[in-house]
Amino acid sequence: MALVRTVTAAGVTTLTLDSPANRNALSTPLMTELLEALGEAFTDNAVRAVVLTHTGPVFCSGADLKETAAARADGRVPAEMIADVLGALWEFPKPVVARVAGPARAGGLGLIAAADIAVCTLEATFAFSEVRLGVIPAVISATVLPRLAPRAAAELYLTGDVFDGARAAEIGLVTTAVPAEDLDDAVRRYCASLVLGGPLALAGTKQLLRRTPIRAELSELSARSAGYFRSAEGREGMTAFREKRPASWVPAAPASDG
């Protein structure tokens with residue numbers, strides 16, 4: 001069964017992450033299909049813009065932790081392949097719109113930041129949850145940090161706290177946050193505007209907006225991220241998450257006087 005569904009109409013290709021059973025986690029199979037779908041949209045001259053969306057209540061929960069935990073010490077972890085996906089999205093010559101109708105965590109925020117325009121619901125929630133797993137938001141920093149206000153980045157990267165759609169728009173992670181019932185109309189309006197632009201002009205404009213290459217940065221960040229995922233702290237963090245318990249480094253709550 002396909003993990004990424006593709007539909008094209010009126011010059012717009014919609015790529016739908018369709019792995020709701022694991023909250024659209026970025027597994028190797030899903031990312032492979034996403035890269036293939038992007039490649040097809042790239043070569044199809046009828047495609048003028050791409051919408052990235054999802055089935056199920058969650059946009060994307062980040063790297064597939066089950067696959068990561070099962071990876072051998074010398075094997076590639078999903079976080080490393082995320083670099084390939086973010087690079088492909090960032091360099092994609094056609095406009096990309098992210099449609100976010102539910103929560104996004106960790107690597108999912110990298111996808112949102114890599115899009116040219118991102119629309120979310122006010123109710124959607126976001127978190128850079130990496131530090132709570134004993135890893136770091138390395139790979140996604142290549143696309144996220146150019147978007148975020150520096151103080152917000154420091155706060156949210158270090159705390160791992162959850163924030164809503166309104167805050168996501170305030171700090172620059174998304175373009176706009178709208179009520180859930182207005183999400184599809186907002187995405188359609190952006191797409192209707194985008195297809196009015198000349199294809200070469202749109203590609204050239206994207207080059208103006210993204211003049212700094214990120215492939216070398218992604219490669220370095222990918223290696224750094226993998227090191228944390230393979231570390232003892234990262235392994236403990238992922239185990240604690242799966243077992244729904246605090247990680248070993250979390251201080252014990254003080255005893256109650258009562």
Side-chain angles (χ1 to χ4, degrees), residues 23-26 31 58-65 68-69 77-87 89-90 98 100 102-116 118 120 122-177 210 212 214-242 246-251:
R23 302 183 301 165
N24 292 316
L26 296 172
M31 289 189 287
V58 176
F59 174 76
C60 177
S61 59
D64 188 322
L65 297 183
T68 300
V77 296
E80 293 176 272
M81 191 174 182
I82 292 175
D84 300 331
V85 173
L86 297 185
L89 284 168
W90 190 261
V100 184
R105 297 291 185 269
L109 279 70
L111 298 181
I112 293 168
D116 301 289
C120 74
L122 290 167
E123 299 83 5
T125 63
F126 307 86
F128 298 98
S129 51
E130 287 88 345
V131 291
R132 298 191 181 188
L133 298 175
V135 297
I136 63 175
V139 177
I140 65 171
S141 290
T143 60
V144 167
L145 290 183
R147 305 289 192 196
L148 261 56
R151 283 293 187 185
E155 173 200 347
L156 298 170
Y157 266 37
L158 291 170
T159 64
D161 284 346
V162 175
F163 55 102
D164 63 14
R167 183 82 194 281
E170 175 191 340
I171 64 177
L173 178 64
V174 302
T175 309
T176 188
R210 304 180 179 192
T212 303
I214 66 168
R215 287 287 183 170
E217 181 183 8
L218 282 168
S219 178
E220 187 272 327
L221 292 173
S222 175
R224 189 182 304 187
S225 177
Y228 277 86
F229 272 104
R230 294 191 182 101
S231 71
E233 185 170 286
R235 295 284 181 179
E236 160 61 12
M238 289 185 287
T239 299
F241 178 79
R242 292 197 309 275
S248 60
W249 60 78
V250 178

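For the single chain, residues carry numbers from 1 onward in sequence order.
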Phe241 CZ: over 12 foreign heavy atoms closer than 6.0 Å: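 It does not: Phe241 CZ has 12 such atoms or fewer within range.
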
Measuring from [X]:[atom1] to [Y]:[atom2], what's the distance to the nearest 0.5 Å?
X	Y	atom1	atom2	value
Arg147	Ser141	CZ	OG	14.0 Å
Tyr228	Leu133	OH	CG	14.0 Å
Leu148	Glu155	CG	CD	10.0 Å
Glu220	Ile214	CD	CD1	13.0 Å
Ser219	Glu80	OG	CD	9.5 Å
Leu86	Ile140	CG	CD1	8.0 Å

State, yes or no, whether a side-chain contact exists between [X] and [Y] at a heavy-atom distance under 4.5 Å.
X	Y	value
Val174	Val100	no
Leu109	Phe59	no
Arg151	Ile171	no
Thr143	Leu89	no
Asp116	Arg210	yes

Using modelled atom types and a 3.5 Å cut-off, is there a donor and acceptor pairing between side-chain atoms of [X] and backbone atoms of [Y]?
X	Y	result
Ser222	Ala83	no
Arg132	Thr159	yes
Asn24	Val58	yes
Ser225	Leu221	no

For the side-chain contact (heavy atoms from CB on, under 4.5 Å) test, which of Thr125, Leu156, Leu173, Asp161 pairs with Arg167?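 Of the listed options, the one satisfying the test is Leu156.
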
Would you name the heavy atoms of [X] and [Y] that are closest together and state the gap between them?
X	Y	answer
Val85	Leu111	CG1-CD2, 3.7 Å
Met31	Pro78	CE-O, 3.4 Å
Ala104	Gly108	CB-C, 4.4 Å
Ala247	Ala240	CA-CB, 3.7 Å
Leu65	Met238	CD2-SD, 3.9 Å
Ala79	Phe229	CB-CE1, 3.4 Å

